[in-house]
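What follows is a short report on a single structure.
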Amino acid sequence: MPQVRTRFAPSPTGYLHIGGARTALFNYLYARHCGGKFVLRIEDTDRQRSTPEAIDAILRSMEWLQLEWDEGPFYQTERMDLYQERLHALLSAGDAYPCVCTPETLDAKRQAAMAEKRKPMYDGTCRPVEREAVPLPEGIPFTIRFRSPESGATVVDDKVKGRVEFDNRELDDLILARSDGSPTYNFCVVCDDIDMGITHIVRGDDHLSNTPRQMQLYRALGSEPPVFAHVPLILGEDKKRLSKRHGATSVMAYRDMGYFPEALNNYLVRLGWSHGDQEIFDAQELMEKFDIDAVGKSSAVFNPEKLLWLNAHYLKSRPLPQLAEEVTPYLSAKGYAEPRDRAWLEKMVDTLRERAKSLVELVDMAHYFLAESVDIDDKAGRKHLVPEAKNLLQEVSRKLGNLADFNEAGIEQVFGDVIAERGIKLGKVAQPVRVALTGSTVSPGIYEVIDVLGRDVTLTRLATGVRYIDAHLPTQD
RNA sequence: GGUCCCAUCGUCUAGCGGUUAGGACGCUGGCCUCUCACGCCAGAAACACGGGUUCGAGUCCCGUUGGGAUCACCA
């Protein structure tokens with residue numbers, strides 16, 4: 001059994017989207033699982049639509065997802081000699097022939113066929129009666145077409161879909177090279193996959209209908225087709241193929257929204273593949289356990305909630321130093337200055353990680369730790385910063401000011417003393433303090449908040465809280 | 001429309017002839033509790049329909065319905 005070689009072959013006409021990422025993931029994992037090679041090839045033969053920006057975006061997305069390719073990236077535009085050579089081989093064998101039909105007449109025939117509810121197929125106007133090499137026309141533009149068999153059937157023995165049979169009469173003579181001489185997709189893929197020794201083609205099932213033609217090309221080119229595995233498409237909420245209309249679909253958008261590459265990979269791999277009841281997989285496990293055999297046949301709807309849940313899982317289980325490191329770019333993205341020091345950053349992140357589901361959300365929740373001062377939410381202020389609380393705030397402030405060791409244990413002691421002395425519930429004092437310190441009724445544990453804020457900021461905000469109470473005394477009517 | 005693919009809770013899925021049809025997300029209720037989360041416990045929620053085959057069908061076959069993909073000098 002020769003070494004397994006898979007490939008991911010995106011066309012650089014836009015960013016790397018979720019569906020493409022999953023295809024890349026499957027190819028990557030399958031190669032790793034088999035101890036084979038994963039090659040990256042950029043299909044940029046459409047010069048009109050391919051851009052260097054898109055190439056860059058795809059490469060960066062792959063790197064971010066840690067889908068490391070072993071060979072490439074190869075660019076089809078740099079491999080024109082190969083296609084020319086193969087084209088001539090086909091031509092001289094009579095497996096391809098020039099076609100002088102103009103796009104206009106082709107289009108007109110297509111319209112007519114559609115109007116009559118006939119299948120819009122090439123009618124074979126330029127196809128030689130016999131399989132023979134014909135001289136190329138001179139002085140007029142022409143395309144090169146593949147001479148496909150007109151009878152029989154082509155069978156795709158697909159690893160996920162099973163046996164699929166196509167009647168050859170359904171397949172018309174596809175264009176191999178455009179009138180400007182440039183080769184087209186179906187031809188380039190086959191030449192490249194043969195040349196690169198690809199053994200397994202794992203791709204979206206939107207390519208299933210191209211497969212019989214590609215198999216015929218393999219044979220005309222003297223090669224046996226590789227193993228095909230057509231994985232189901234990812235659908236949007238409306239059950240339509242996932243597209244921009246469904247919101248964020250680019251891999252980089254997920255990075256920017258504060259998702260971890262591990263979470264995205266873990267989510268994506270479970271869309272169409274499963275391993276019993278297991279939901280969480282680390283990178284190593286994926287390489288061990290992933291197999292095409294366990295890929296399902298039906299398409300899957302993209303579910304942002306589950307992705308978010310997975311992201312929260314990775315957020316909670318990340319080693320703290322790593323998490324703090326990863327938060328940093330999101331901090332500066334929001335315009336916050338460098339945190340005072342590492343230890344403090346880690347402490348802060350640690351208080352928030354259980355409550356946030358993404359890095360962006362974590363940074364948003366951290367505003368009262370990072371901003372100079374805090375805006376007191378109106379509703380929270382009216383409910384908790386009331387006259388009865390003034391005294392409590394002052395008492396807490398005084399005790400905190402006198403605290404010898406300003407740490408969580410000491411802070412807890414302060415609150416313990418206050419409620420014991422006054423015989424009140426902790427909530428009675430914790431909520432006003434929380435509102436004064438964070439501006440809202442929701443935050444991590446109050447001792448943690450105070451500890452992270454530090455003595456100076458805490459006392460300042462407590463004082464501000466007291467002033468808020470004075471400024472919002474109930475009116476006397 | 002032709003061709004091809006698909007069909008278990010709302011969603012992702014387990015199931016590979018005999019199960020109280022399992023898990024996960026989300027949802028609801030409860031517990032924990034200084035708030036919110038986390039966590040824990042409980043609950044509602046599915047085999048599209050109709051024929052066969054079989055002692056027995058979510059599982060096999062056929063049809064219907066529904067959904068999707070594809071029909072370029074795009075990839």
Side-chain angles (χ1 to χ4, degrees), chain A residues 9-13 43-46 48-50 76 99 101-103 106-107 110 113-114 116-122 141-145 156 158 160-162 164-167 169-172 174-182 184-186 188-189 204-212 230 232-233 235 237 239-241 267 270-280 296-310 312 316 352-357 365 380 384 412 415 419 425-435 438 440-447 449:
Chain A
S11 66
T13 53
E43 314 232 310
D44 54 354
T45 53
D46 183 357
Q48 306 301 313
R49 300 198 303 152
S50 299
Q76 289 189 322
C99 168
C101 297
T102 64
L106 255 21
D107 199 50
R110 191 161 27 240
M114 301 270 263
E116 293 169 42
K117 302 217 172 175
R118 286 190 350 259
K119 186 179 170 67
M121 285 174 63
Y122 176 61
F142 63 90
T143 60
I144 306 291
R145 283 186 188 269
V156 182
D158 196 89
V160 350
K161 301 287 185 184
V164 185
E165 185 174 322
F166 293 86
D167 189 326
R169 281 170 302 192
E170 293 293 330
L171 277 17
D172 63 1
L174 88 162
I175 290 178
L176 265 23
R178 304 179 181 91
S179 49
D180 66 359
S182 64
T184 59
Y185 166 76
N186 278 294
C188 295
V189 206
D205 71 7
D206 51 335
H207 286 282
L208 185 56
S209 53
N210 287 325
T211 307
H230 287 94
L233 261 20
L235 274 25
E237 216 108 44
K239 301 274 179 86
K240 292 265 194 285
R241 184 180 180 154
Y267 177 71
R270 284 283 293 103
L271 234 40
W273 174 81
S274 61
H275 183 77
D277 281 344
Q278 190 171 347
E279 296 286 350
I280 311 281
K297 298 163 116 166
S298 48
S299 44
V301 174
F302 185 79
N303 180 209
E305 260 88 44
K306 189 156 182 182
L307 169 58
L308 193 58
W309 169 75
L310 270 164
K316 281 178 283 191
L352 262 17
R353 69 192 308 186
E354 298 272 278
R355 278 155 256 261
K357 291 188 191 295
M365 292 192 319
H384 296 285
E412 182 168 1
F415 280 78
I419 63 172
K425 290 210 171 189
L426 183 54
K428 270 289 184 203
V429 44
Q431 280 306 78
V433 171
R434 172 170 284 116
V435 173
T438 71
S440 95
T441 56
V442 174
S443 85
I446 197 65
Y447 315 137
V449 170

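Proteins come first, then strands; the chains are lettered A, B, ... in the order of their sequence lines, and each starts at number 1.
Remark: B:A48 base-pairs with B:U64. Criterion, Watson-Crick or G-U wobble with two distances under 3.5 Å. In this structure, B:U11 and B:A24 make a Watson-Crick or G-U wobble pair, each of the two defining distances being under 3.5 angstrom. In a base pair of the Watson-Crick type (N1 to N3 plus N6-O4 or O6-N4) or a G-U wobble (N1-O2 and O6-N3), with each distance short of 3.5 Å, B:G39 is matched with B:C31. Across all strands shown, B:U19 remains unpaired; no Watson-Crick or G-U wobble contact has both distances below 3.5 Å. As the counterpart of B:U3, B:A69 is assigned, both hydrogen-bonding distances of the Watson-Crick or G-U wobble pattern falling under 3.5 Å.
At a threshold of 4.0 angstrom between heavy atoms, the contacts of A:Tyr447 include nucleobase atoms, whether or not backbone atoms are also involved. Using a 4.0 Å heavy-atom cutoff across all strands shown, A:Ser298 reaches sugar-phosphate atoms only and no base atom. Nucleic acid contact class of A:Ile446 (heavy atoms, under 4.0 Å, all strands): base. Among the heavy atoms of the strands, none lies under 4.0 Å from A:Gly296. Contacts of A:Gly445 with the nucleic acid, taken as non-hydrogen atoms under 4.0 Å apart, include base atoms. Using a 4.0 Å heavy-atom cutoff across all strands shown, A:Lys428 reaches no nucleic acid atom at all.
With P as the reference atom, B:A48 and B:U8 are 6 Å apart, rounded to whole Å. Between B:C5 and B:C60, the two P atoms lie 16 Å apart (nearest whole Å). Annotation: B:G10 and B:A46 have their P atoms spaced 7 Å apart (nearest Å). Comparing B:G67 with B:U35, their P atoms sit 50 Å apart, to the nearest whole Å.
Neither OP1 nor OP2 of B:A37 sits under 4.0 Å from any side-chain N or O of A:Lys316.
When each of B:C25, B:C34, B:C38 is scored by its nearest atom to the side-chain atoms of A:Arg434, the top-ranked nucleotide is B:C34. Residue A:Asp277 places its side chain closer to B:A14 than to any other of B:C4, B:U13, B:A14. In this structure, the nucleotide among B:U35, B:U3, B:C5 sitting nearest to the side chain of A:Val164 is B:C5.
Checking A:Ser182 against A:Arg178 by side-chain atom types alone, a donor-acceptor pair falls below 3.5 Å.
No donor-acceptor contact under 3.5 Å links the side chain of A:Arg355 to the base of B:C38. One can find a donor-acceptor pair under 3.5 Å joining the base of B:G23 and the side-chain atoms of A:Glu279.
In this structure the side chain of A:Phe415 reaches within 4.5 angstrom of the side chain of A:Val433, judged on heavy atoms. The shortest side-chain heavy-atom distance between A:Lys428 and A:Ile419 does not fall under the 4.5 Å cut-off.
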When you check every protein heavy atom under 4.0 Å of nucleotides 61-75 of chain B, what one-letter string (B, S, -) results, 5' to 3'? -------SSSSSBBB
